[in-house]
Amino acid sequence: MKQILFSLTDSELEQFIIDLGEPKFRAKQIRDWLLRGAPDFSVMKNIPTPLRDKLNETAQTLPVTITKKLESVDGQTTKFLLGLHDKEQIECVLMRTSYGNSVCVSSQAGCAMGCKFCASTLLGLKRNLTADEIFAQILVAQWELRHGGGTSPNGDPNNNDVSHIVVMGTGEPLQNTQNVIGFMERANRDMNIGWRRITVSTCGIVPGIYELISWGRPINLAISLHAPNDELRSEIMPINNKYKISEVLNAADEFTNLHNRQLMIEYILLGKKNDLGETELYNCTPEHAESLSKLLTGKNCMVNLIPWNAVDERDFASPSGNAVHRFQDILIKNGIHTRIRRERGTDIGSACGQLRLNDKKGL
Ligand code: SAH
């Protein structure tokens with residue numbers, strides 16, 4: 001296995017360079033490149049070619065290597081399939097938006113949560129990612145912004161830094177809380193990304209929310225709710241058998257009150273095919289909208305409605321645009337802040353875990 005230079009401490013990197021018979025100031029130069037996300041040694045123009053060749057034989061820059069890169073037709077979304085040292089694969093997505101550049105990172109290889117609508121969990125959990133492996137996803141995106149193609153929607157050529165992070169890729173971040181915290185600390189320190197520009201999304205691991213509370217940084221919290229009552233939620237999200245909606249929302253309230261932040265509620269809109277092949281609404285009838293409104297009334301929250309991204313292996317269907325708007329209208333009428341999440345990169349398989357799954361299937 002090649003030595004991953006990014007994962008060495010400064011003194012270990014110096015020692016590595018000295019052992020190659022090189023002056024130690026090279027370590028500092030290399031570290032600068034690593035923090036800019038250099039994908040390999042060939043880009044390190046201030047390092048002499050013989051040393052670059054030597055490094056190439058024994059080492060790699062980051063703990064992730066790009067296996068596949070897909071760009072949406074509008075050039076605003078780039079999706080990466082990344083390989084890890086043990087051949088596991090993860091996904092990360094760069095979204096260029098009018099408010100900045102947002103990166104969606106994975107926190108685990110695979111996922112153990114078993115949500116019935118999601119592709120990420122189909123192959124189970126392989127392992128937690130290290131803080132380095134999560135951080136490296138940001139660096140891949142940063143390099144792409146500086147050196148790749150893509151188009152910023154406001155056409156600003158200087159808009160080429162990662163400004164926002166969402167931990168909403170594959171995996172359940174609060175099953176890997178300490179590494180996710182380590183990652184956020186570094187993103188804040190080394191890339192100057194403000195706490196308020198970081199969002200962690202959870203299916204509702206209550207002890208993990210309390211870990212975030214004791215950590216104490218004012219990041220944003222998103223709860224994947226997806227149903228307005230425990231009965232329905234337990235059908236599609238096994239974690240609900242362990243932590244009920246009321247416990248999750250109480251913990252989330254404590255978190256958001258502490259920092260005076262708005263809680264984000266994610267709600268996928270799911271339909272199901274009936275015997276006649278028609279799509280029936282599953283969790284998004286007008287009655288569901290009314291009970292969701294009751295559940296959330298009085299909370300400082302924003303509901304993000306997410307039309308379901310179809311996954312072949314999953315037994316759901318996407319509801320019509322009309323149904324989506326009717327659901328939203330009821331929430332708004334009841335005074336609940338609600339928006340419909342803009343779909344990004346559906347042409348490049350942006351649903352959770354789709355790219356990794358397709359790769360395993362040889363697509
Ligand atoms: N485990 C965390 C973060 C990863 S999932 C969580 O549950 O929040 C990120 C979001 O994408 C979650 O809200 C998840 O429910 C949603 N999601 C998963 N599969 C989806 C699909 N096929 N279409 C739309 N959203 C999906």
Side-chain angles (χ1 to χ4, degrees), residues 79 90-93 95 102-125 128-129 134 137 165-177 179-180 183-184 198-206 208-209 212 219-227 232-233 235-240 242-243 245 248-249 251-252 255 263-272 282-284 301-319 324 339-346 348-358:
K79 182 145 188 172
I90 53 169
E91 296 176 29
C92 95
V93 188
M95 292 162 283
S102 182
V103 184
C104 175
V105 296
S106 294
S107 55
Q108 298 181 309
C111 183
M113 295 295 99
C115 297
K116 295 286 189 290
F117 43 79
C118 178
S120 288
T121 195
L122 280 168
L123 302 166
L125 173 68
N128 280 335
L129 301 186
I134 309 174
Q137 298 171 57
I165 296 173
V166 289
V167 188
M168 273 191 201
T170 298
E172 170 46 51
L174 299 188
Q175 278 214 313
N176 187 18
T177 315
N179 287 339
V180 169
F183 150 68
M184 294 190 285
I198 302 179
T199 302
V200 170
S201 175
T202 177
C203 62
I205 310 272
V206 171
I209 299 176
L212 290 181
I219 58 163
N220 302 296
L221 183 66
I223 302 290
S224 294
L225 193 61
H226 309 330
L232 190 61
R233 192 168 193 263
E235 270 184 33
I236 51 176
M237 300 179 71
I239 192 68
N240 200 66
K242 194 151 183 200
Y243 306 110
I245 293 180
V248 175
L249 290 182
F255 180 88
L263 176 65
M264 194 193 285
I265 299 286
E266 289 162 277
Y267 198 100
I268 301 185
L269 300 161
L270 296 164
K272 239 184 165 144
Y282 177 78
N283 65 346
C284 47
C301 68
M302 163 67 78
V303 178
N304 245 319
L305 297 178
I306 315 169
W308 186 62
N309 254 318
V311 178
D312 288 348
E313 286 76 5
R314 295 309 204 180
D315 189 22
F316 288 100
S318 309
V324 172
R339 61 181 175 214
I340 298 174
R341 181 177 297 170
R342 217 195 103 192
E343 288 180 69
R344 292 180 172 280
T346 33
I348 51 173
S350 67
C352 253
Q354 258 181 3
L355 200 61
R356 172 167 170 268
L357 190 67
N358 287 347

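The model shown is predicted, which means the values in this text are computed figures rather than measured ones. All values below come from the heavy atoms of this structure, side chains included, with hydrogens, waters and symmetry mates left out. In listed order, ligands and their atoms are each counted from 1.
Counting the atoms of ligand 1 from 1 in the order shown, those under 4.0 Å from a heavy atom of Cys203 are 6 (C), 7 (O), 8 (O). Every atom of ligand 1 with a heavy atom of Thr202 under 4.0 Å away is listed here by number and element: 6 (C), 7 (O), 8 (O). Taking every non-hydrogen atom of Glu266 and a distance limit under 4.0 Å, the qualifying atoms of ligand 1 come out as 10 (C), 12 (C), 13 (O). Proximity to Val311 (heavy-atom distance under 4.0 Å) selects the following atoms of ligand 1: 22 (N). Listed by number with element, the atoms of ligand 1 under 4.0 angstrom from any heavy atom of Phe117 are 15 (O), 18 (C), 19 (N), 22 (N). Applying the 4.0 Å criterion to heavy atoms of Met168 picks out, from ligand 1, the atoms 4 (C), 5 (S), 9 (C).
Residue contacts with ligand 1, taken as heavy atom pairs separated by less than 4.0 Å, involve His226 solely via side-chain atoms from C-beta onward. The side chain of Ile268, and not its backbone, has at least one atom closer than 4.0 Å to an atom of ligand 1 (non-hydrogen atoms only; side chain from C-beta on). Counting heavy atoms under 4.0 Å from ligand 1, residue Glu172 touches it through both backbone and side chain. Contact annotation: for Ile223 versus ligand 1, there are no heavy atoms closer than 4.0 Å.
Here the side chain of Asn176 pairs a donor or acceptor atom with the backbone of Leu129 at under 3.5 angstrom. Judged by distance alone, with hydrogens and angles left aside, the side-chain atoms of Ser106 form no donor-acceptor pair with the main-chain N or O of Gln108 at under 3.5 Å. Side-chain atoms of Asn283 come within 3.5 Å of backbone atoms of Ile268 as a donor-acceptor pair (strictly under, hydrogens ignored).
With sequence neighbours excluded, the residues that form a side chain to side chain contact (heavy atoms under 4.5 Å, CB included) with Val324 are Leu269, Pro319, Ile340. Looking at residues two or more places apart in sequence or on another chain, you find a side chain to side chain contact (heavy atoms under 4.5 Å, CB included) between Met237 and Cys115, Phe117, Cys203, Ser224, His226, Arg233, Ile239.
Contact of the Leu232 side chain with the Tyr282 side chain is registered, since non-hydrogen atoms from C-beta on lie closer than 4.5 Å. Between Val180 and Thr177 there is no side-chain heavy-atom pair separated by less than 4.5 Å. In this structure the side chain of Leu174 reaches within 4.5 angstrom of the side chain of Leu212, judged on heavy atoms.
Between Gly171 and ligand 1, at least one pair of N/O atoms sits closer than 3.5 Å.
Of the candidates Cys118, Ser318, Ser224, Ser224 brings a heavy atom nearest to atom 6 (C) of ligand 1.
The line from CE of Met264 to CD1 of Ile223 is 11.0 Å long, rounded to the nearest 0.5 Å.
Within the structure, the closest approach of Gly169 to ligand 1 falls below 4.0 Å when heavy atoms are considered.
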